[in-house]
Amino acid sequence: MKKGDNFEFLVEYITAKVVERLIKDRNISLEEALLLFHNSETFEKLCEPKTDMYIESPAYVHEIFQEELRRGTLRGLTD
């Protein structure tokens, strides 16, 4: 497995765990949870290797995403 493969695997794994938690916490469908997360700044940052967000735990990424939902932005948290 190459480094790029590890990155993609970790992004997919974290995304799956965050989406699972969204479905459970918000009682929404898989499609709604995927749309919500994939259209977020958190997901955008997760997909940027230079942020190193992909090496964080799914619980941490979920918490960052929850904060984005509360505030409407990640500005000030990750800059």
Side-chain angles (χ1 to χ4, degrees):
M1 191 177 272
K2 298 177 296 225
K3 185 176 181 177
D5 292 339
N6 285 337
F7 170 75
E8 289 177 20
F9 172 79
L10 290 169
V11 168
E12 288 176 16
Y13 175 76
I14 292 169
T15 298
K17 292 299 183 184
V18 170
V19 166
E20 275 179 25
R21 194 135 172 219
L22 282 173
I23 291 168
K24 183 179 175 189
D25 293 349
R26 293 179 168 256
N27 196 27
I28 59 177
S29 70
L30 173 61
E31 183 178 2
E32 290 172 304
L34 284 167
L35 283 171
L36 190 61
F37 189 58
H38 279 196
N39 290 307
S40 70
E41 288 181 55
T42 305
F43 182 71
E44 186 179 311
K45 298 289 184 190
L46 177 63
C47 292
E48 291 178 24
K50 67 181 178 182
T51 67
D52 287 338
M53 199 174 217
Y54 69 97
I55 61 174
E56 300 293 348
S57 71
Y60 175 79
V61 174
H62 180 265
E63 193 55 42
I64 293 292
F65 180 59
Q66 291 302 319
E67 187 62 26
E68 177 186 352
L69 291 176
R70 282 190 285 277
R71 295 175 64 167
T73 185
L74 284 179
R75 286 176 190 53
L77 288 178
T78 61
D79 293 337

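Note that these values count all heavy atoms, side chains included, but never hydrogens, waters or copies made by symmetry. The structure displayed is predicted, hence computed values, not measured ones.
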Worksheet item: Should I14 and L35 be regarded as members of a common hydrophobic cluster, given that ILVMFWY residues are connected when their side-chain heavy atoms come within less than 4.5 Å of each other, either directly or indirectly?
Response: no
Item to complete: May I ask whether V11 and I55 are part of the same hydrophobic cluster, defined by side-chain heavy atoms of I, L, V, M, F, W, Y residues being less than 4.5 angstrom apart, directly or through others?
Response: yes
Of all the heavy-atom pairs spanning [X] and [Y], show the shortest one and how long it is.
{"X": "F37", "Y": "T42", "answer": "CE1-CG2, 4.0 Å"}
{"X": "L36", "Y": "L69", "answer": "CD1-CD2, 4.3 Å"}
{"X": "K17", "Y": "P58", "answer": "CB-CB, 3.5 Å"}

Fill in: Interatomic spacing from NZ in K45 to NZ in K50 - rounded to 0.5 Å
7.5 Å
Worksheet item: Looking at CG of L30 and CD of E20, how far apart are the two atoms once the value is rounded to the nearest 0.5 Å?
Response: 10.0 Å
Discussion item. Check this for me: does any side-chain nitrogen of one of R70 and E63 sit under 4.0 Å from a carboxylate oxygen of the other?
Written reply: yes
Discussion item. Run the side-chain contact (heavy atoms from CB on, under 4.5 Å) test on Q66 and L22 for me, step by step, so that the C-alpha distance in whole Å, both residues' side-chain angles and the decisive distance to 0.1 Å come before the verdict.
Written reply: CA-CA 9 Å; Q66 291 302 319; L22 282 173; 3.7 Å; yes
Worksheet item: Is the number of heavy atoms from other residues, nucleotides or ligands within 6.0 Å of CG (N27) greater than 12?
Response: no
Does the side chain of [X] reach to within under 4.5 Å of the side chain of [Y], using non-hydrogen atoms?
{"X": "V18", "Y": "F43", "answer": "no"}
{"X": "H38", "Y": "V19", "answer": "no"}
{"X": "T15", "Y": "V61", "answer": "no"}

Worksheet item: Do side-chain atoms of E68 reach the backbone of S40 as a donor and acceptor pair under 3.5 angstrom?
Response: no
Item to complete: Only one of E31, E32, R26 passes side-chain hydrogen bond (donor to acceptor under 3.5 Å, both in side chains) with S29; say which it is.
Response: E32
Practice prompt. Can you label the angle between the Y54 ring and the F7 ring as parallel, tilted or perpendicular, going by 30° and 60°?
Written response: perpendicular
